[in-house]
Trainee: 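Handing you a structure now.
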Amino acid sequence: MTIRVIVVDDQAMVRAGFAALLSAQADIDVVGEAPDGRQGVALARSVHPDVVLMDVRMPELDGLSAARQILDPPPGVVHRPKVLMLTTFDIDDYVYEALRAGASGFLLKDAPPADLISAVRVVASGEALLAPSVTRRLIADFVQQRPAPRRDPALRLNGLTPRETEVLELIARGLSNQEIAGHLVVAEQTVKSHIGRVLAKLDLRDRAQAVIFAYEAGVVRPGDGG
């Protein structure tokens, strides 16, 4: 199945470069480009991409605000693509907030071309948090700076079984499904079932939000090993 992508970035050369790179892949189709967040939101709602590559810092409407509008659309808008944030900074407040808002991950703009192609495929599949070690560090840094979330997530842990809480901790430590399966000595499909139940019980969209939740609930803490 072809992955439909739009590129939202205020630098024309960046948009063109990303579009050319992705369009050269047999399984990826770039269906549009936009120079700012406002036009990016409109484009996403008109062409219904699977993945939105979204720059963080843009005029008119920044990438965070645009991601929020795409991921939390008004009534009547049913299409909700995956959002992959692009940034020149590996530690960026906007990126953390975008992950909290439901973005599926982020990628540094100077990452190798193969990483961008892989990232689009991973996000489209709904499979995993991108760049787990960097993303985990970013989340830990910002959770440490914000020890008081808007609501107490620890209370929501009460609905999880001990095994589900363990799976949540392993997700937050950056383990893949295969690594979790090996750690727990269970089938990978069993891990996927556990993760599905964790996300459903905690009302989380994906693994990115699960990592953030785990830090805010104290399941793992900044500076923990693993």
Trainee: Within the distance-only criterion (no hydrogens, no angle test), does the side chain of R15 pair as donor or acceptor with the backbone N or O of D9 below 3.5 angstrom?
Mentor: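 Side chain of R15 to backbone of D9, a donor-acceptor pair under 3.5 Å: yes, one is there.
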Trainee: Hey, what do you get for CG (L107) to CG (L53), rounding to the nearest 0.5 Å?
Mentor: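 Result: 8.5 Å between the selected atoms.
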Trainee: In plain terms, say whether D55 and K109 are close enough for a salt bridge, that is, a side-chain N and a carboxylate O under 4.0 Å apart.
Mentor: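 Yes, this pair counts.
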Trainee: Taking all heavy atoms of I28 and all of L22, pick out the closest pair and write down the distance.
Mentor: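 Minimum heavy-atom separation between I28 and L22: CB-O, 3.5 Å.
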Trainee: Minimum heavy-atom separation for L61 and Q69, please, with both atom names.
Mentor: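 In terms of heavy atoms, the two residues are closest at CD2-NE2, 3.7 Å.
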Trainee: Does any pair with a residue in residues 3-39 pass ring pair (Phe, Tyr, Trp, His ring centres under 6.0 Å), and if so which ones, sequence neighbours excluded?
Mentor: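 The answer is none; no pair qualifies.
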Trainee: Taking the side chain from D29 and the backbone from V31, do they hold a donor-acceptor pair closer than 3.5 Å?
Mentor: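 No; judged by distance alone, with no hydrogens or angles, the pair does not exist.
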Trainee: Per the side chain to side chain contact (heavy atoms under 4.5 Å, CB included) rule, which among L184, I195, V191 passes with L170?
Mentor: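 Passing option: L184.
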Trainee: I'd like to know if the side chain of R163 reaches the main chain of H194, judged simply by a donor and an acceptor atom lying under 3.5 Å from each other, with no hydrogens or angles considered.
Mentor: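 Side chain of R163 to backbone of H194, a donor-acceptor pair under 3.5 Å: no, none is there.
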Trainee: Please check this pair: side chain of Q25 against backbone of L21, looking for a donor-acceptor N/O pair closer than 3.5 Å.
Mentor: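 Indeed, once roles are kept as given, a pair shorter than 3.5 Å links the two residues.
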Trainee: Using modelled atom types and a 3.5 Å cut-off, is there a donor and acceptor pairing between side-chain atoms of D62 and backbone atoms of R57?
Mentor: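 Side chain of D62 to backbone of R57: no pair is present.
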Trainee: CZ of F213 to CD1 of I171: how many Å apart, nearest 0.5 Å?
Mentor: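 Reported to 0.5 Å precision, the distance equals 11.5 Å.
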Trainee: Determine yes or no for a side-chain-to-main-chain donor-acceptor pair under 3.5 angstrom, with K201 supplying the side chain and G159 the backbone.
Mentor: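 Checked: pair present.
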Trainee: Closest heavy-atom contact between L199 and A210?
Mentor: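 Distance-wise, the nearest heavy atoms are CD2-CB, 4.0 Å.
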Trainee: I need the H183 NE2 to L175 CG distance, nearest 0.5 Å.
Mentor: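 So the gap between those two atoms works out to 7.5 Å.
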Trainee: Enter the distance from D50:CG to K82:NZ here, rounded to the nearest 0.5 Å.
Mentor: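 Between D50 CG and K82 NZ, I get 10.0 Å after rounding to 0.5 Å.
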Trainee: Using every non-hydrogen atom in the two residues, find where G40 and V8 come nearest and quote the distance to one decimal.
Mentor: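 Shortest heavy-atom contact: CA-CG2, 3.9 Å.
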Trainee: Of all heavy-atom pairs between S104 and V123, which one has the smallest distance, and what is that distance?
Mentor: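 Closest heavy-atom pair between S104 and V123: CB-CG1, 3.8 Å.
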Trainee: What closest approach, in Å, do M58 and P35 show between heavy atoms, and which atom pair accounts for it?
Mentor: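 Between these two residues, the closest heavy atoms are SD-O, 4.4 Å.
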Trainee: What distance do L160 atom CG and T165 atom OG1 have between them, rounded to the nearest 0.5 Å?
Mentor: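 Result: 4.5 Å between the selected atoms.
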Trainee: Checking the side chain of S23 only, and the main-chain atoms of A20 only, is there a donor and an acceptor separated by less than 3.5 Å?
Mentor: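 No, S23 side chain to A20 backbone: no donor-acceptor pair under 3.5 Å.
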Trainee: What's the spacing between D110 CG and D115 CG if we round to 0.5 Å?
Mentor: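 One finds 10.0 Å between CG of D110 and CG of D115.
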Trainee: Partners of A44 by side chain to side chain contact (heavy atoms under 4.5 Å, CB included), sequence neighbours excluded?
Mentor: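 Only I6, P49, V52, I70 meet the side chain to side chain contact (heavy atoms under 4.5 Å, CB included) criterion with A44.
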Trainee: Is there a donor-acceptor contact under 3.5 Å from the side chain of Q39 to the main chain of D36?
Mentor: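 Looks like no, no N/O pair under 3.5 Å.
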Trainee: Group every Ile, Leu, Val, Met, Phe, Trp and Tyr by side-chain heavy-atom contacts under 4.5 Å, then state whether V47 and V83 land in the same group.
Mentor: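 The answer is yes; both residues are in one hydrophobic cluster.
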Trainee: Is the shortest side-chain heavy-atom distance between L86 and V14 below 4.5 Å?
Mentor: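 Not touching, per the 4.5 Å side-chain cut-off.
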